[in-house]
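The structure appears right after this line, and notes come after that.
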Amino acid sequence: MPPAATTSLGYSPPDGGWGWAVVFGSFISIGFSYAFPKSLTIYFKEIQEYFSVSYSEIAWVSSVMLASMYAGGPVSSVLVNRYGSRPVVMVGGVMVGTAMLLASFGTSIMHLYLCVGLIGGFGLAFNLQPALTIIGTYFQVKRPLANGLAMTGSPVILSTLAPLNQFLFDSFGWRGSFLILGSICLNCCVAGSLMRPVTKSQSCAERFIDFSLFKHRGFLIYLVGNVVLFFGFFAPVVFLAPYAKHQGIDEYSAALLLTIFALVDMFIRPVTGFLGNTKLVRPKIQYFFSFAVSYNGICHLLCPLLPGYAGLVGYAVILGLGFGMVSALLFEVLMDLVGAHRFSSAVGLVTIIECGPVLLGPPISGALVDAYGDYKYMYYACGVFMLAPGIFLFVMHYFNYKKLEEELVNHEDKFKNSEIFYIL
């Protein structure tokens, strides 16, 4: 059963050609959007000492940036619907670059909240949504593969920025590094320049947010499942190294677990896109996503039962597989449900609603560690937060697929009856 985008775009997506240049641009934009807030943590200790603030105060820099990126989703969607992806991404690149430039002259932690957090976060929102949206206008048959390749930008750019930031920090301190990072972020403008519209009239169908999506059965299923799963999605990665240190493992070996996780994540995302593009998986791709979510939950539940460092290495591998699968499919399955023509509005609504669990998930998990003095309860909780929505998504999509098939049959019967009436 083909997605709605096939008949709603008003043209046949090229499924190649310049579309691969668009995928490369999206690879950069998506990579910076997800990796940049994480990569800044290397500077937190020096900034904390410079401004004489607590760790929680400095941690809010990344939190505000992520919150702004998610909260800016609807604004970005409206702009994409009105002007297209290319100018919005380019403006976003300028905003992030300007934010880092201004932050390099920061005189207080509030200055960083405003520049890095608010302005930079909205700039990343203007990079993320347009990059996700434009892929659906260039690809239909190969769309899962294209999305999988574009989403690989996150682990690739994070693995690049991490050592680069360490070098910049050692050479120029946090102020000089922020100035250089601002210029590096301008590469998002180059990425945006690749995102030329596939037709002259592209994204003009919806000028504003399409709130009728809240009456869309598939969208509501996706939204409910995702709100729950995001409470347990990021925390296991955030606490992986601290959990290893808690077990008496040295810092180098603990950091190596994150490297293993990142390499597996980097590998599995394009593989997931390829699998999602096969004839066996594509017609029922929602089941593939449900499996990926449930698989994550099972991995987290097993984590406390795996003994020693070898067990943690094994967990890092299976966690990388699960995290990468969910990440590669996260927006593809949304596009499959609502169609490419409504995707911009859908992703804007989803991101602002997901802002809450994305921000609250790690603190809630950390509170469990503080309360019980043990990480295993945190991993059990995250396992439930992932397994429950995975089962929910599988069951609900089973009924949704059946309902769609019934509606398709009814539509075909009505069409046949109208043809008979016309002949008579």
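- Side chain of T137 to backbone of I134: a donor-acceptor contact under 3.5 angstrom is found.
- Side chains of N81 and S345 form a contact here, defined as non-hydrogen atoms less than 4.5 Å apart.
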S212/R342 under side chain to side chain contact (heavy atoms under 4.5 Å, CB included): CA gap, chis, key distance, verdict = CA-CA 10 Å; S212 68; R342 303 175 78 185; 2.9 Å; yes

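- Summarising the local packing, CG of L305 is surrounded by more than 12 heavy atoms from other residues, nucleotides or ligands at distances under 6.0 Å.
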message = Pair M325, F288 - check side chain to side chain contact (heavy atoms under 4.5 Å, CB included), show working.
response = CA-CA 9 Å; M325 283 193 292; F288 191 16; 4.3 Å; yes

task = Give the intermediate values and the outcome of side chain to side chain contact (heavy atoms under 4.5 Å, CB included) for residues F385 and L229.
result = CA-CA 5 Å; F385 276 129; L229 76 86; over 6 Å; no

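- A donor-acceptor pair is defined here as one N or O able to donate and one able to accept, closer than 3.5 Å; such a pair exists between the side chain of T272 and the backbone of I268.
- Residues Q247 and Y243 meet the side-chain proximity criterion, which asks for heavy atoms closer than 4.5 Å.
- Note that CG of L330 and CG of L132 are 9.0 Å apart. Values are rounded to the nearest 0.5 Å.
- More than 12 heavy atoms of other residues, nucleotides or ligands shown are found within 6.0 angstrom of CZ on F169.
- For the pair Y295 and F323, the minimum side-chain heavy-atom distance is 4.5 Å or more.
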inquiry  = Would Y398 and F394 count as a ring pair (Phe, Tyr, Trp, His ring centres under 6.0 Å) here? Give the steps.
reply    = CA-CA 6 Å; Y398 170 77; F394 184 87; 7.5 Å; no

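- Side-chain contact between Y315 and L302 is absent, with no heavy-atom pair separated by less than 4.5 Å.
- For the pair S177 (side chain) and L168 (backbone), a donor-acceptor distance under 3.5 Å is present.
- Formation of a donor-acceptor pair under 3.5 Å by the N296 side chain with backbone atoms of G322 is found in this model.
- Listed for the S77 side chain is a donor-acceptor partner under 3.5 Å among the backbone atoms of S344.
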task = Quick one: do Y401 and E405 satisfy side chain to side chain donor-acceptor pair (under 3.5 Å)? Show the steps, please.
result = CA-CA 6 Å; Y401 275 129; E405 289 170 0; over 6 Å; no

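- Under the rule for a side-chain hydrogen bond (donor to acceptor under 3.5 Å, both in side chains), the partners of Q286 that lie at least two apart in sequence or sit in another chain are D336, H397.
- If you take NE2 on H341 and OG1 on T133, they are separated by 13.0 Å, rounding to the nearest 0.5 Å.
- Annotation: side chain of Y34 is in contact with side chain of L128 (closest heavy-atom distance under 4.5 Å).
- The minimum heavy-atom distance between G73 and T351, with the atom names listed, is CA-OG1, 3.5 Å.
- Rounding to the nearest 0.5 Å places OG of S365 at 11.0 Å from CG of D370.
- Closest non-hydrogen pair, L186 versus G93, comes out as CD2-O, 3.9 Å.
- Atom CE of M195 sits about 8.0 Å away from atom CD1 of I28, to the nearest 0.5 Å.
- Comment: R269 does not engage E332 in a salt bridge, judged by the lack of any side-chain N to carboxylate O separation of less than 4.0 angstrom.
- The two residues V116 and V61 make their nearest non-hydrogen contact at CG1-CG1, 3.8 Å.
- Across every non-hydrogen atom of V326 and V293, the tightest pair is CG2-N, 3.9 Å.
- Not one N or O on the side chain of N277 forms a donor-acceptor pair closer than 3.5 Å with the backbone of R282.
- Under the 4.5 Å side-chain criterion, counting only non-hydrogen atoms from C-beta, V347 is in contact with F331.
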inquiry  = Is there a ring pair (Phe, Tyr, Trp, His ring centres under 6.0 Å) between F139 and W20? Walk through the geometry before answering.
reply    = CA-CA 9 Å; F139 291 89; W20 296 117; 4.8 Å; yes

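- The backbone N or O of V141 lies less than 3.5 Å from a partner atom in the side chain of D15, making a donor-acceptor pair.
- A heavy-atom distance below 4.5 Å is found between the side chains of P37 and L124.
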key: Full working for side chain to side chain contact (heavy atoms under 4.5 Å, CB included) between F289 and N226   = CA-CA 11 Å; F289 181 63; N226 275 38; 3.8 Å; yes

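- Within 6.0 Å of atom OH in Y309, more than 12 heavy atoms from other residues, nucleotides or ligands are found, so the atom counts as buried in its surroundings.
- For F291 and Y287, the ring centers sit 6.0 Å or farther from each other.
- Using a 4.5 Å cut-off on side-chain heavy atoms (C-beta onward), F27 and L149 make no contact.
- A donor-acceptor pair under 3.5 Å is formed between the side chain of T152 and the backbone N or O of G148.
- Remark: side-chain polar atoms of S183 are paired, donor with acceptor, to backbone N or O of I180 under 3.5 angstrom.
- For F219 and Y222, the ring centers sit 6.0 Å or farther from each other.
- Annotation for L112 and A103: closest pair CD2-O, 3.7 Å, computed over non-hydrogen atoms.
- Nearest heavy-atom pair across L145 and P270 is CD1-O, 4.2 Å.
- For S154 (side chain) and M151 (main-chain N/O), no donor-acceptor pair under 3.5 Å exists by modelled atom type.
- Note that the CG atom of L223 and the CG atom of L213 stand 10.0 Å from one another [nearest 0.5 Å].
- Heavy-atom contacts from other residues, nucleotides or ligands closer than 6.0 Å to CZ of F214 number more than 12.
- Atom OG of residue S26 and atom CG of residue N127 lie 10.0 Å apart, to the nearest 0.5 angstrom.
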